[in-house]
Amino acid sequence: MGLFIGVTVLVLLMACLCRTGDRTELTQPCGGGGRLPLWSSSAGRGGMSRQQALNLWVCGGIYVVLAALSACRIASGNDYWVYTNMFNLIAQGRHVSSEFGFNALVRLMQFFFGTEGYSYLPIFGLFSLLTVYFFLRAIYEQGDWFLGSMFLFLMNGYYFSSFNSVRYYLVLAIALYSIKYVLRGEYLKFLLWILAASAFHKSVLVVIPLYLGANWLAGIRLKRWHYAVGTLLVLSLVFGRDLYRFVIFKIYPYYENSMFDTVEYSLTNIVKCLGTLALSLICYRTSIRDCRRNRFYFFLNLGGLALYTCGAFIPEVSRVAYYLVVPQIFLIPNLLRGVGNKSLRRLLTAGTALAFLAYFALFLRSAYDVNVRLLPYLNWIFN
C-alpha cells in the first residue's frame, strides 16, 4: 500500500508543474463559438513555449512512472492467472472467448517472445504501456486543469484497477482518448478508433450511440419532447428489462445465469454521479449552459447515473457505465475552475478533494480483497 500511495503522491507532485489551460482548446470552447485548434502556442506559429516543453517533460516522467509500475507487476490482479491461461490456450490454437484483435496481438507477441516460461510478461507489459499511454494522452489533451484531472484519475482508482481486466481498460482508455474527435466533429476518426478498439473488447461499441447522442444533445436547446424521450428511455430500463437482457445475452451468451448475472447497485458510483450532478447544477450558469464541451460531459454523467440506478440488472453494469462516468475527470475540474466566487470555489474544491481522498482510502483498503487482489503488489524485478 505504501508503494501505491508513494507513486500517487509523486505523480501528483509532478502534475503540479504541468499547465494545460492555455493549450487545450476543443471545438466550441467554453464562452466562445469558434473552432480552435487543439494545439495552440503562445510562442507563435509553429513554435513551442517554455511551458509546453515543460509539460512534455512532466508527462514523459509521469508516463515512465505509471507504465513501469504497471508493466513490471506479476501476479497482481484477480484475473492475472486467468489471462496467462488464456495466453496458453491461444498458443495451442484452442478456442477462447476473447476478440480476434486481442488474440492476434497475443500471437504476435508469442511469435517474438515464445510461449514457454515467463513469456506472458512482455504481453502484460505491452498492454500496460498502451493503456497508460492512451489514458495519459487523453488527460493531457482534454484536461483544462491537468492536476485536477490527474488527481481524479488516481483517486477513483482507474489507474490501479487497470492492473485487472487488461482488455477492458485498454479500450476504456481508447474510448476516453477518442472523445476529442467527437468534440471536434471528426466523426470518421472517432468511428475508426472505436472499431479498432472493439477488436479487443466489443463492449466499447456502445459508446458510438452514447457519445454521438450526448454530443448532439450538448449542441441543441432542449425542448419538452427531448425530456419526454429521455424519460421514456429511463422507464424502458425499468420496465423493459427482459428485452435488454435478451439482447445482452445474444451478444454475451456466457453471462446468462452466470455469477455475473445478478442485480447489484453500486452505491459508491451512484453517489459519485449524484455528487457530480449536484456540482453541475450549482455551476450550471457559469460552466455548463454556454459550454458545449461541459454539456457533453454533463449528459454522459446523467447517462451513467441512469444506468447505475435503473440498469443494475445488466451483468457487470460498470463495463458500460464506466464509458460514461470516467469523463467526470474532465467535467469536475472544469466546474470547479468556473466558480466565480473565490471563497465558494475554494470550499467546493476542498470538499471535492476530501471526498475523493476518502474514496481512495476505501479503494486501497479493498485492494487486498481476494476478488480484487491488487495488493500486495509483486513485481518480477524484486519478487
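The figures here come from the full heavy-atom set of this structure, side chains too, leaving out hydrogens, waters and symmetry mates.
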* **Interatomic distance, Tyr187 atom OH to Ile194 atom CD1 [nearest 0.5 angstrom]** => 14.0 Å
* **Test ring pair (Phe, Tyr, Trp, His ring centres under 6.0 Å) applied to Phe330 and Phe146, Tyr297, Tyr140, Phe296, the passing residue** => Tyr297
* Would you check if Tyr368 and Met1 make a side-chain contact, meaning some heavy-atom pair closer than 4.5 Å? => yes
* Is there a path from Tyr63 to Leu17 through hydrophobic residues (I, L, V, M, F, W, Y) whose side chains come within less than 4.5 Å of each other? -> yes
* Asked: By ring pair (Phe, Tyr, Trp, His ring centres under 6.0 Å), which residues pair with Phe298, not counting sequence neighbours?
  -> none
* Contacts of Tyr158 that satisfy side-chain contact (heavy atoms from CB on, under 4.5 Å) - sequence neighbours left out -> Phe153, Asn156, Lys272, Tyr322, Val325, Val326, Ile329
* Asked: Do Leu300 and Leu324 come close enough that some side-chain heavy atom pair is under 4.5 Å?
  -> yes
* Met86 side chain reached by Val106 side chain, heavy atoms, under 4.5 Å -> no
* Side chains of Tyr159 and Thr131: do they bring a donor and an acceptor to under 3.5 Å? -> no
* To do: Could you walk me through whether Leu212 and Phe190 pass side chain to side chain contact (heavy atoms under 4.5 Å, CB included), step by step?
  => CA-CA 10 Å; Leu212 294 180; Phe190 164 69; 4.0 Å; yes
* Structure fact -> On a heavy-atom basis, the closest approach of Ala71 and Gly125 is CB-CA, 3.9 Å
* **Side chain to side chain, Leu279 and Leu336, heavy atoms closer than 4.5 Å** => yes
* To do: Identify the heavy atoms of Ala15 and Leu147 that sit nearest to each other, and give their distance.
  => CB-CD1, 3.8 Å
* With Trp216 via ring pair (Phe, Tyr, Trp, His ring centres under 6.0 Å) - residues at least two apart -> His226
* Can you tell if the side chain of Phe360 reaches within under 4.5 Å of the side chain of Thr8, non-hydrogen atoms only? -> yes
* Structure fact -> For Leu66 and Val7, the nearest pair of non-hydrogen atoms, with its separation, is CD2-CG1, 4.1 Å
* To the nearest 0.5 Å, what is the distance between CZ (Arg19) and CG (Asn55)? -> 8.5 Å
* Asked: Going hydrophobic residue to hydrophobic residue with side-chain gaps under 4.5 angstrom, can you get from Val204 over to Leu188?
  -> no
* What do the steps show when you test Phe102 against Phe127 for side chain to side chain contact (heavy atoms under 4.5 Å, CB included), and what is the final call? -> CA-CA 10 Å; Phe102 173 80; Phe127 275 91; 3.3 Å; yes
* To do: Identify whether Val372 and Leu378 are in the same connected component of the hydrophobic contact network (ILVMFWY, side-chain heavy atoms under 4.5 Å).
  => yes
* Asked: If you measure from CG on Leu281 to CG on Leu335, what distance do you get to the nearest 0.5 Å?
  -> 10.0 Å
* **Check: Pro327 main-chain N/O paired with Gln142 side-chain donor or acceptor under 3.5 Å** => no
* Check for a donor-acceptor pair, side chain of Asn78 on one end and backbone N or O of Arg373 on the other, with a separation under 3.5 Å. => no
* Close side-chain approach of Leu217 to Arg295, heavy-atom, < 4.5 Å -> no
* Asked: Between Thr276 and Leu331, is any pair of side-chain heavy atoms under 4.5 Å apart?
  -> yes
* In sequence, state the C-alpha distance, the side-chain angles, and the governing distance for Leu126 and Phe113, and then conclude on side chain to side chain contact (heavy atoms under 4.5 Å, CB included). => CA-CA 12 Å; Leu126 177 61; Phe113 296 97; over 6 Å; no
* Structure fact -> So CH2 of Trp193 and CD1 of Ile179: to nearest 0.5 Å the spacing works out to 14.0 Å
* **Which residues share a ring pair (Phe, Tyr, Trp, His ring centres under 6.0 Å) with Tyr323, sequence neighbours left out** => Tyr168
* Asked: Any sub-3.5 Å donor-acceptor pair from Tyr177's side-chain atoms to Leu136's backbone N or O?
  -> no
* Identify the heavy atoms of Cys273 and Asn301 that sit nearest to each other, and give their distance. => O-ND2, 3.2 Å
* Determine the minimum heavy-atom distance between Ser287 and Asn294, stating which atoms define it. => O-ND2, 2.7 Å
* To do: Give, for atom OG of Ser366 and atom CG of Asn371, the distance between the pair rounded to the nearest 0.5 Å.
  => 10.5 Å
* Looking at CG of Leu172 and CZ of Phe134, how far apart are the two atoms once the value is rounded to the nearest 0.5 Å? -> 12.5 Å
* Are Trp380 and Phe124 close enough that their ring centres sit under 6.0 Å apart? -> no
* Asked: Which residues pass the ring pair (Phe, Tyr, Trp, His ring centres under 6.0 Å) test with Tyr169, sequence neighbours left out?
  -> none
* Indicate yes or no: at least one non-hydrogen side-chain atom of Asp144 is less than 4.5 angstrom from one of Arg293. => yes
* Who passes side-chain hydrogen bond (donor to acceptor under 3.5 Å, both in side chains) against Ser128, sequence neighbours left out? -> Ser70, Arg73
* **Non-neighbouring partners of Asn88 that pass side-chain contact (heavy atoms from CB on, under 4.5 Å), sequence neighbours left out** => Gln92
* Give the cluster check for Ile74 versus Val82: same hydrophobic cluster or not, with ILVMFWY residues linked at side-chain heavy-atom distances below 4.5 Å. => no
* **Intermediate values then yes/no, side chain to side chain contact (heavy atoms under 4.5 Å, CB included), Leu105 and Phe200** => CA-CA 9 Å; Leu105 183 58; Phe200 293 85; 3.8 Å; yes
Atom pairs and distances, donor-acceptor, side-chain atoms in residues 342-356, under 3.5 Å, two or more places apart:
residue: Arg345; atom: NH1; partner: Val339; partner atom: O; Å: 2.7
residue: Thr349; atom: OG1; partner: Arg345; partner atom: O; Å: 2.7
residue: Thr352; atom: OG1; partner: Leu348; partner atom: O; Å: 2.8

* Expected output: side-chain Ser198 to main-chain Leu205 donor-acceptor under 3.5 Å -> no
* Which ILVMFWY residues are connected to Val238, directly or by a chain of links, through side-chain heavy atoms under 4.5 Å apart? -> Leu235, Phe239
* Given a cutoff of under 4.5 Å between side-chain heavy atoms of I, L, V, M, F, W and Y, with clusters grown through shared members, what are the other residues clustered with Val370? -> none
* Asked: Nearest heavy-atom pair of Pro209 and Val206: which atoms, and what distance?
  -> CD-O, 3.1 Å
* Neighbour count >12 (heavy atoms, 6.0 Å) for atom OH, Tyr118 -> no
* Mind checking whether Tyr120 and Phe87 have ring centres under 6.0 Å apart? -> no
* Asked: Residues two or more places apart in sequence or in another chain: which of them pass side-chain contact (heavy atoms from CB on, under 4.5 Å) with Val234?
  -> Ala306, Cys310
* Only counting residues at least two apart or in another chain, list the ones meeting side-chain contact (heavy atoms from CB on, under 4.5 Å) with Ala91. => Gln110, Thr115
* Please check if Ile174 and Ile208 belong to a single hydrophobic cluster, counting links between Ile, Leu, Val, Met, Phe, Trp and Tyr side chain heavy atoms closer than 4.5 Å. => yes
